[in-house]
2 protein chains.
Amino acid sequence: MGTVANGKQVKKIKSLLAIQSEVQSSNRIALSVDCVIFGFDENKLKVLLMRSDLKKYQSKWSLLGDLVKPDEDLDAAAYRILKQRTGLDDVYLEQVHSFGKINRHPGGRVVTVAYCSLINIQHHKLKILDNELHWHDVASVKDLAFDHKTIFDLSLQRLQKRVQEHPLGFSLLPNKFSLRELQNLYEAILSIKLDRRNFRKKFFAMNFLVDMDEIEQNLPHRPGKLYKFDYDKYEKNKKKWSGIDF
Amino acid sequence: MGTVANGKQVKKIKSLLAIQSEVQSSNRIALSVDCVIFGFDENKLKVLLMRSDLKKYQSKWSLLGDLVKPDEDLDAAAYRILKQRTGLDDVYLEQVHSFGKINRHPGGRVVTVAYCSLINIQHHKLKILDNELHWHDVASVKDLAFDHKTIFDLSLQRLQKRVQEHPLGFSLLPNKFSLRELQNLYEAILSIKLDRRNFRKKFFAMNFLVDMDEIEQNLPHRPGKLYKFDYDKYEKNKKKWSGIDF
DNA sequence: TCAAAAGTGTTCGTACTACACCCATGT
DNA sequence: ACATGGGTGTAGTACGAACACTTTTGA
């Protein structure tokens, strides 16, 4: 095999070039990431919103988003946005869905990938407060910019489902938490009331809570015991088969 | 308000122009859709694959995909690809996940949105057979082109989960099916064995199966009764709250 | 001693599991 | 008659739902 390309190589190269030209053609689209960032405070589920970048164009609240750079991984873009906008790092982050309606963005065609993030508001105080960035009650969210309400609704719905099947919720709590806090969290996320005794039984039966031998402080009533979630134990023992049920 | 823009309007326009120029800048990325198309035949779960468009470049099997056009809805692109490649229409289609690793495509940066489709192989005979398009046993799928194996694995995993919680599976069966066929389907998708009696009890208890008063034909043994799934009834009666369990 | 929330058990009904026999059909 | 898979019932168990009283703490 010398320096002169043989027939097969030429075909390979031609094929590759064809693909490259197709990819590099005008067939390209602006791609963004939008983060739905949930927090939990005052026994309410919160979401982090800012004023739209198009503030003067439509002065509505919007999710935290930005365009994905051509040399940037999708997940990396989500992390970057979170970091840039909030100063936060090392948080739960998960892709939810991509939204690609043609006219969803007034600036032109932009397809966006939605990510859902869960943050412990106590531990992660916001470090950047541009664009009136702050926490909103989930219940009071109406009418966001662009199609962000749709994105938010789907993300919340997804969270409600996921939190029942996976131990995500703990990302929203301090490392050590009381069972009451845990129950308040579930009640806030799911918008339901749960029986306290059955809730406790449920979680103790799972056997993934570790008693920290500490109790709550500075309460005007009997303090509860504090627990942490044992992720290692969960990973080893989690259910594989849940059963057909719809 | 006359024809001369006032200060606010000028700001609005400037802001909009800034956004548009950002969107139209070099910050754009090729976007594709890849379809993982499942079928069910000979009591095996199948997936529809073709030879990679980069056949000469890497002669591997690949999912059915194409670039999304700048003026095309994401979902519409998925439908188009399905229709173009197979001639099929009117099938179950659902977005699964987006994949955005920088080097996932040899032709340059391409972010892809994966869709999962379920097809009744009997009713929908393939009309187009370019690129060696045909059905492969899911169990025998190895080593696809690009990152298609990753996409396929996630899609299968998602299908396994979804089929336990939602009545998707029926899209893979004829309109009228026997309980044996239904059980075979679940066993194939989930790669497990199920108890026949408990399986029947389960589905009858749901009360979403309608007895068609017909039986299977041309069998060398006692034929089973045929049923169809009552989607309307399901929509009215489906479970809302499944419970915390992980 | 009072207020407020923590902590704890039992009963009941439902739903899943495991398991074995008779029945209808075609050969 | 026989081979093949269709169709059914029961007993045991586990889990979730409903429900009320005693205990601890700080004020």
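Per chain, numbering begins at 1; letters A, B, ... match sequence-line order. Model, not experiment: these values are computed from the prediction.
A donor-acceptor contact under 3.5 angstrom links the side chains of B:Tyr115 and B:Asp75, judged on distance only.
B:Gln160 CD to A:Trp241 CH2: the interatomic distance, rounded to the nearest 0.5 Å, is 10.0 Å.
Around NZ of A:Lys101, the count of heavy atoms belonging to other residues, nucleotides or ligands within 6.0 Å does not exceed 12.
B:Ile119 places a side-chain heavy atom less than 4.5 Å from the side chain of B:Trp135. Between B:Phe199 and B:Leu182, some side-chain heavy-atom pair lies under the 4.5 Å cut-off.
For B:Arg222, no side-chain nitrogen or oxygen approaches OP1 or OP2 of D:dG7 to under 4.0 Å. In terms of phosphate contacts, B:Lys202 brings a side-chain nitrogen or oxygen within less than 4.0 Å of OP1 or OP2 of C:dC16. In this structure, A:Arg200 reaches the C:dG7 phosphate: one of its side-chain N or O atoms is under 4.0 Å from OP1 or OP2. In this structure, A:Arg180 reaches the C:dA6 phosphate: one of its side-chain N or O atoms is under 4.0 Å from OP1 or OP2.
Rounded to an integer number of Å, the gap from CZ of A:Phe177 to P of C:dA6 is 14 Å. Atom-to-atom, CG of B:Asn218 to P of D:dG5 comes out at 16 Å; the value is rounded to the nearest Å. B:Leu194 has its CG atom 14 Å from the C1' atom of C:dA18, to the nearest Å. What separates CD1 of B:Ile215 from P of C:dA24 is a distance of 12 Å, to the nearest Å. One atom, NZ of A:Lys225, and another, C1' of C:dG7, lie 10 Å apart when rounded to the nearest Å. Rounded to an integer number of Å, the gap from B:Phe204 CZ to D:dG9 P is 12 Å. Following rounding to the nearest Å, B:Asp195 (CG) and D:dT10 (C1') show an atom-to-atom distance of 13 Å. Taking atom CZ of A:Arg196 as the reference point, atom C1' of D:dC21 lies 11 Å away to the nearest angstrom.
Residue B:Lys201 places a side-chain atom within donor-acceptor reach of the base of D:dT10, judged by atom type and a 3.5 Å distance cut-off alone.
Using a 4.0 Å heavy-atom distance criterion, B:Leu219 is classed as a sugar-phosphate-only contact.
When each of B:Asp245 and B:Glu216 is assigned the nucleotide of DNA chain D bearing its nearest heavy atom, the one mapping closer to the 5' terminus is B:Glu216. Between A:His221 and B:Gly224, the residue whose closest nucleotide on DNA chain D is further toward the 5' end is B:Gly224.
Among the nucleotides D:dA17, D:dG9, D:dA20, the one closest to any side-chain atom of A:Asn198 is D:dA17. The side chain of A:Arg197 approaches C:dG9 more closely than any other nucleotide in the set D:dT25, D:dG9, C:dG9.
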